[in-house]
Each structure stands twice: as structure tokens, then as C-alpha cells.
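Below is one structure; the comments refer to it alone.
As the structure is a computational prediction, the values presented were derived from the model and not from experiment. Reckoned from all heavy atoms, side chains included, excluding hydrogens, waters and symmetry mates. For this chain, numbers begin at 1 and follow the sequence in order.
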Amino acid sequence: MELSGVGPVEPGEGTHAWEPPPTPHAARPPRGRAARFRARHRRTALATTSATTLAAVGAYLYVTRPEAPPPPDLPPPSQTVGVTYLGPLDPEPTPTGFRFTVAVTARSGPPVTVTRISQPYEGLSLTAIPRPPFRTRTGIPHRIEIAMKVTDCGKVPRNAGLPFLDVTLRNTRAIEAHSFILGERYAHDLSGALQVACSNDFLPLPKPTNTPDRGRGVLRVS
């Protein structure tokens, strides 16, 4: 390289200006069947990975979900059914018994079936119309006619203090026998009917007995 006092520096012999290295060409994407196979494989892999991730997230959410409280147990039928005394069917008690009506009502829950109605006294028989078994509808009073007949005055109380009816009930949970106290009005009406049925006016005359005192008789209640 030679220097002169005027003008730009010029290259000497055997030298040339510096040039940047050539830029490498970008790799061309593959073409043809191989390219399509690779693209399809890539999409399948991505779809499989996404499905696996979603399944794992779903399983985690299912396992960690809050447990729902168990449904409450159905109450026994005696806690959902009420028996109400409606009154006598006849204006006056009959000489042999007592007819009256009650209402059986399922207040809540599933329907309840009445399978039996009875009473606790050995000297009385009971007939219900309609005859059990029958089903009650929730919230609708079911009217029952009951006829009691005295069969043995010696086995019935002359003054029924707290008389009750034994009712056997069935729902989807259990079968239960329950005693329903029908209240003071029922106790009063039943006591009056029993006193009428077992009074001397409606009993057979006592049979004479071989006793020294023939002026007295022995009253046999049957």
C-alpha cells in the first residue's frame, strides 16, 4: 500500500476490499410424502398430549371434588302420620257398641299404607271401613269408619281414661305399629258407649243360685 499526500488511500497490489461473508441460505422445508407424514405425526402427537393432559386434569378434579352430603333418611311412618277423632256416627250409643270416624293423614314424605287397625281391649271387637290394607295420599285426610262391638263386658273398662287405637303403618323405610291417643272427646264418647252397652238394662237376668239367702242374686256379667 502506498501513501500519497492527496486523495484517498488506495489498495496496493495483491489486496482487495473486505466483504462480509455470504449469508447461508435458509433450509428449505421438506416436500413430498415424507413432509406430509411428519406433519401428520406432529399433529397426532399434539392431540394425544392434549387429551392426556385434559384426562389428568379431569381425574384430579374428580378426586378432589367436595363430597355431597348423603340424602337424609326417611322418617318412620309414625312420625309422618296423624290420626284424628272426628266423632260418633250415631247420635246415641247403640246397645251393643259404638260407631265413630277418624281421619288418617300422611302429613309429609312418601305415601303410607295402613295395614291394620285394632284396639287394646279384649272385650271389644273392631271393624274398619275401608278394610286395611289401604294407602293414604300425602296431605289428604283419609276418612275411616270404625265400629266397635262389646263381646265381653268383664274385659272392658267402664271408664276409659286414655283409650287409643293401634295402627300398623308401612312406608318405603319400615313397618311400624303405633298407638294413637285420640284425646279426651274420644275417651268420653267411648266410656259413655261402654256404660250403655254393659248397663243392667241390656244384660240378661242373673240366674238364681242355691244359696241360703234367696233374697239376693248374683249378677253375672257376660
Legend entry - Considering all heavy atoms, the nearest P163-A187 contact: CD-CB, 3.4 Å
Inset, instruction - With side chain to side chain contact (heavy atoms under 4.5 Å, CB included) as the test, would you mind laying out the steps for V150 and T96 before giving the verdict? - result: CA-CA 6 Å; V150 177; T96 58; 5.8 Å; no
Inset, instruction - State, with a plain yes or no, whether a side-chain heavy atom of L162 is found less than 4.5 Å away from one of F164. - result: no
Inset, instruction - Kindly give the heavy-atom pair with the smallest separation between A103 and P141, and that separation in Å. - result: CB-CB, 4.2 Å
Inset, instruction - Kindly say whether V196 contributes a backbone atom to a donor-acceptor pair with the side chain of S199 at under 3.5 angstrom? - result: yes
Legend entry - Side-chain heavy-atom pair Y186, V102 within 4.5 angstrom cut-off: no
Inset, instruction - Find out whether L190 and F100 are in side-chain contact, i.e. whether some heavy atom of one side chain is under 4.5 Å from a heavy atom of the other. - result: no
Legend entry - Minimum-distance pair of heavy atoms, taken over all atoms of G87 and R185: CA-NH1, 3.9 Å
Inset, instruction - Would you check if the side chain of T138 reaches a backbone N or O of G109 as a donor-acceptor pair within less than 3.5 Å? - result: yes
Legend entry - Working for side chain to side chain contact (heavy atoms under 4.5 Å, CB included), residues L124 and L194: CA-CA 10 Å; L124 290 174; L194 295 179; 3.8 Å; yes
Inset, instruction - Could you check if a side-chain atom of T115 sits within less than 4.5 angstrom of a side-chain atom of P132, using non-hydrogen atoms only? - result: no
Legend entry - Residues E145 and T101: side-chain donor-acceptor under 3.5 angstrom: no
Inset, instruction - Look at the side-chain heavy atoms of Ile, Leu, Val, Met, Phe, Trp and Tyr, link any pair under 4.5 Å apart, and say whether I181 and Y85 land in one connected group. - result: no
Legend entry - M148 side chain reached by Q119 side chain, heavy atoms, under 4.5 Å: yes
Inset, instruction - Tell me whether the centres of the aromatic rings in F180 and H178 are closer together than 6.0 Å. - result: yes
Inset, instruction - Would you indicate whether R135, at its atom CZ, is surrounded by more than 12 heavy atoms from other residues, nucleotides or ligands within a distance under 6.0 Å? - result: no
Inset, instruction - Using the side-chain contact (heavy atoms from CB on, under 4.5 Å) rule, pick out the option among L169, V112, T105 that qualifies with T80. - result: V112
Legend entry - Distance, nearest 0.5 Å, that separates NZ of K149 from OG of S125: 6.5 Å
Inset, instruction - Quick one: do I146 and F98 satisfy side chain to side chain contact (heavy atoms under 4.5 Å, CB included)? Show the steps, please. - result: CA-CA 8 Å; I146 295 179; F98 177 41; over 6 Å; no
Legend entry - V114 vs R116 side-chain heavy atoms within contact, under 4.5 Å: no
Legend entry - Exercise: identify the closest heavy-atom pair between Y121 and K155: CB-O, 4.2 Å
Inset, instruction - Kindly give the heavy-atom pair with the smallest separation between I117 and A128, and that separation in Å. - result: CD1-CB, 4.2 Å
Inset, instruction - Answer with yes or no whether the hydrophobic clustering places V83 together with L126; edges join I, L, V, M, F, W, Y residues whose side-chain heavy atoms lie under 4.5 Å apart. - result: yes
Legend entry - Euclidean distance, R143 CZ relative to T84 OG1, rounded to 0.5 Å: 13.0 Å
Legend entry - S118/L165 under side chain to side chain contact (heavy atoms under 4.5 Å, CB included): CA gap, chis, key distance, verdict: CA-CA 6 Å; S118 62; L165 288 181; over 6 Å; no
Legend entry - Heavy-atom closest pair, residues P111 and N171: O-CB, 4.0 Å
Inset, instruction - Using the test salt bridge (charged side-chain N to carboxylate O under 4.0 Å, His left out), find all partners of R170 that sit at least two apart in sequence or belong to another chain. - result: none
Legend entry - Separation between CG of D90 and CG of D189, rounded to the nearest 0.5 Å: 11.5 Å
